[in-house]
*Asks:* 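Have a look at this one.
Counting convention: from 1, in listed order, for ligands and their atoms alike.
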Amino acid sequence: MALKNVNPTKTTAWSKLEQNFEEVKNIHLRTFFNENLNRKEDFSINFNDFLIDFSKNRISKDTLTLLLELVEEVDLKDAISKYFGGDIINETEERAVLHTALRSQSNNEIIVDGKNILPEIKKTLKKIEAFSNKIISGDWKGHTGKKITDIVNIGIGGSDLGPDMVVDALKYYKNHLNIHFVSNIDGDHVQEVIKNLNPETTLFVIVSKTFTTQETLTNAQTIRKWFLNSADEKAIGKHFVAVSTNLKSVAEFGIDSNNIFPMWNWVGGRFSLWSTVGLSISLAVGFKNFNQLLVGASEMDEHFKNEPFEKNIPVILSLIGVWYNNFFGSETEVILPYSQYLNKLSAYLQQAIMESNGKSVDRNGNRVNYQTGSIIWGSAGTNAQHAYMQLVHQGTKLIPADFIGFEKSLYANEEHHNKLMANFYAQTQALAEGKTREEAHLDLKHQGKFNQIEKLLPFKVFEGNKPTNTILIKKLTPKNLGSLIAMYEHKIFVQGIIWNIYSFDQFGVELGKELAHKIYANQ
Ligand code: F6P
């Protein structure tokens, strides 16, 4: 069944939120904390290894109540059951949206086109496992009898960003295989990757859901030619595998049918790392770790499906996002993982979030008269502090931030980790509290700058009142990473429901592709 169709701005909750905004917009976070000494506990959620502290947001208890009324009015409950149940909620492409089925740990049937899809998912996972084991153990030999040492993932967008981000994030858990990613159609990208590779010991994984993407097919053909300089066609079977829904085109490319890892139309590219698109992840960290990623995501799925909305992490984070986007008029959100391993998380989330909710037509086909998807950006802290955080602290824009940190570091280097986390907490405190005129005055006095106080004072004041979510996780494990990614996936879903848009198509990228083809043909 189709999703319901509710204009959020016509709900009673929305009008009440508009009134509430007038009451709350000038209240400083310092005041919120002074008035409620339990604010941190009242505005926190625990889930497995996660603590989500959303107390440093410009919301009152009433705001939260009204935001929760909003999701009742747009009938989020009904939407969640359609999402997990395999209803055709991607209506413009006439597809179900079932990346959650890929990681389901339950045996409950999920029916698509009259067929339970779970057996095929399990069979494909087994194929990923068997293949990963053979490559990692060295049982699989290249065409000259040598073991595989290098893997090249050829894909773009969802067929690149997810695996690339996860392989980087789980570097600590990596085996001996070297994993490379080729995505850009810029020929220098592919040349830089292949220039130091030995074709005899390299496996190429061509990842394209549609197997029509210009970048991926061009890169794959270039690599194929390069490979055939030192091998004959028969060798391809030992060195090329493909992930796709388009089995016909993969076969035409010359890939052995045993080397095809199937994908399904009910998995969106930007949500596909849980599928065969994650093959490079399984090769890099082993199937056990890949499976743990799925388990973590599945646990977040269960939390999202079952927790009451006031204790539901993706729901709360979505509502807070809507609050800044639609009431405060914030244009962007910054995502700041305090872990170098997660440096690519924001780039990955840019596609997931912006390709999903960058829409301006509602589910009735009408242009919306309210804001939808935010602009997402960010990178790892502490580096971010020495790059753009000045603007977040003292600029004119209100930029809500997600701070993601880990209680323990992987190499247990306490000195470094304590310094890292001191910065993590310092940033959220500085953003929330700021520094008053009086405090800045006192600082300048202590520094002995008596003659410059009047001149410097305006520049030394921090307004504060800058909102943050603190996402504190025990440790960066494959399972916790799975939960973290799934958390953002469901945040995307909830916001799409509230904004009454279709989150799972991406027609906006088509026009540029069409024109590029025309321009190229006429060159
Ligand atoms: O950028 C548009 C897009 O269609 C993405 O949605 C997708 O992840 C990417 O291209 C790659 O598509 P494919 O896996 O079909 O090559």
*Asks:* For ligand 1, which atoms, with element, lie under 4.0 Å from some heavy atom of Gly158?
*Replies:*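 This gives 7 (C), 8 (O) as the contact atoms.
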
*Asks:* Look at atom 6 (O) of ligand 1 and say which protein heavy atom is nearest, naming residue and atom and giving the distance to 0.1 Å.
*Replies:*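 Of every protein heavy atom, Glu355 OE1, 2.6 Å lies nearest to atom 6 (O) of ligand 1.
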
*Asks:* Work out which heavy atom in Pro262 is nearest to a heavy atom in Thr276; give both atom names and the distance.
*Replies:*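 Minimum heavy-atom separation between Pro262 and Thr276: O-OG1, 2.9 Å.
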
*Asks:* Give the atoms of ligand 1, by number and element, whose distance to some non-hydrogen atom of Val509 is under 4.0 Å.
*Replies:*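 Answer for ligand 1: 2 (C).
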
*Asks:* Below 4.0 angstrom from a heavy atom of Ile156, which ligand 1 atoms are there? Numbered from 1 as shown, please.
*Replies:*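 So the atoms of ligand 1 that pass are 9 (C), 11 (C).
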
*Asks:* What atoms of ligand 1 come closer than 4.0 angstrom to any heavy atom of Thr213?
*Replies:*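 By the 4.0 Å cutoff, the relevant atoms are 12 (O), 13 (P), 15 (O), 16 (O).
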
*Asks:* Heavy-atom pairs closer than 4.0 Å: do any link ligand 1 to the side chain of Lys513, the backbone, both, or neither?
*Replies:*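 Lys513 to ligand 1: side-chain contact only, backbone stays beyond 4.0 Å.
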
*Asks:* Is the closest N or O pair between Ser159 and ligand 1 shorter than 3.5 Å?
*Replies:*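 Ser159 vs ligand 1: N/O contact under 3.5 Å present.
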
*Asks:* Do you know which two heavy atoms are closest between Trp140 and Gly237, and how far apart they sit?
*Replies:*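 Nearest heavy atoms, Trp140 then Gly237: CZ2-O, 3.7 Å.
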
*Asks:* Looking only at the aromatic ring of each residue, does the gap between the centers of Phe131 and Phe261 stay below 6.0 angstrom?
*Replies:*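 That pair passes the under 6.0 Å test.
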
*Asks:* Partners of Asp402 by salt bridge (charged side-chain N to carboxylate O under 4.0 Å, His left out), sequence neighbours excluded?
*Replies:*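 Result, salt bridge (charged side-chain N to carboxylate O under 4.0 Å, His left out) vs Asp402: none returned.
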
*Asks:* Sort and list the pairs that fulfil side-chain hydrogen bond (donor to acceptor under 3.5 Å, both in side chains) and have at least one residue in residues 112-128, not counting sequence neighbours.
*Replies:*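 Listed once each, the pairs are Glu120-Trp264.
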
*Asks:* Measure Gln506 to ligand 1 on non-hydrogen atoms and call it side chain, backbone, both or neither using the 4.0 Å cut-off.
*Replies:*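 Side chain only.
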
*Asks:* For the residue pair Gly157 and Gln351, what are the closest heavy atoms and their distance?
*Replies:*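 Of all heavy-atom pairs spanning Gly157 and Gln351, the closest is C-OE1, 3.5 Å.
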
*Asks:* Run the salt-bridge test on Lys141 and Glu200 with the 4.0 Å N-O cut-off and return the result as yes or no.
*Replies:*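 Salt bridge absent between Lys141 and Glu200.
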
*Asks:* Checking a contact table here: which protein heavy atom is nearest atom 15 (O) of ligand 1, and how many Å away?
*Replies:*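 Here the nearest protein heavy atom works out to Thr210 OG1, 2.6 Å.
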
